Amino acid sequence: MMESQVSQMLNQDILVTTDGWFIGHDGGEYRGVYGKLTAIHTDEQALGVKTNAKSTNWYAQVGGMLIAGCQIHYAINCQGKDVNLYEFVHECIHNGKGVKTKQSSRIYNANFEAEKL
């Protein structure tokens, strides 16, 4: 996703899907981040150094989390929308029978972390 596209959502609640799984502060595995997009940083602002051409050169500040631009797969404006950050019911077929299980959300709540800062 392009920096200019993401920056259009500044100060909005967004849902970001990342290119890879990551571990949250609670030890959970996540593939998405929900929170308020508060800033777009350059590599020098975020890291204190200018990176080379093979590294990302921008970062999105979503709630209390900093996401490298190269890791952002999709960014969706969720302002005013209800986002399920807790449990959901997963349905699948196992041994020919329908099975329902409750699973924890794989969306990290970065707003929660930002409130602690």
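If you read the sequence from its start, that first residue is 1, and numbering goes on from there. Model, not experiment: these values are computed from the prediction.
Other residues sharing a hydrophobic cluster with Val89 under the 4.5 Å side-chain heavy-atom criterion for ILVMFWY residues do not exist; the residue is a singleton.
Hydrophobic clustering places Phe22 together with Val62 (ILVMFWY residues linked when any side-chain heavy atoms are closer than 4.5 Å, directly or through intermediates). Hydrophobic clustering (ILVMFWY, side-chain heavy atoms < 4.5 Å, transitive): Val49 and Leu66 are in one cluster. One hydrophobic cluster holds both Ile67 and Tyr108 under the rule that ILVMFWY side chains link at heavy-atom gaps under 4.5 Å. A continuous path of hydrophobic side-chain contacts links Ile40 to Val33 [ILVMFWY only; heavy atoms under 4.5 Å]. Cluster membership for Leu10 and Val16, using ILVMFWY side-chain heavy atoms within less than 4.5 angstrom, is shared.
Between the side chain of Gln71 and the main chain of His73, no donor-acceptor pair closer than 3.5 Å is present. Listed for the Gln45 side chain is a donor-acceptor partner under 3.5 Å among the backbone atoms of Thr42. Under the 3.5 Å distance criterion, the side-chain polar atoms of Arg31 are matched with a main-chain donor or acceptor of Thr18.
Of all heavy-atom pairs spanning Ser105 and Ile107, the tightest one is OG-N, 3.0 Å. Among all heavy-atom pairs drawn from Ile76 and Met9, the shortest one is C-SD, 4.1 Å. Nearest approach of Lys36 to Asn11, heavy atoms of both residues: NZ-O, 3.5 Å.
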Side chain to side chain contact (heavy atoms under 4.5 Å, CB included) for Leu37 and Gln12? Distances and angles first, verdict last.
CA-CA 6 Å; Leu37 177 65; Gln12 303 290 312; 5.9 Å; no

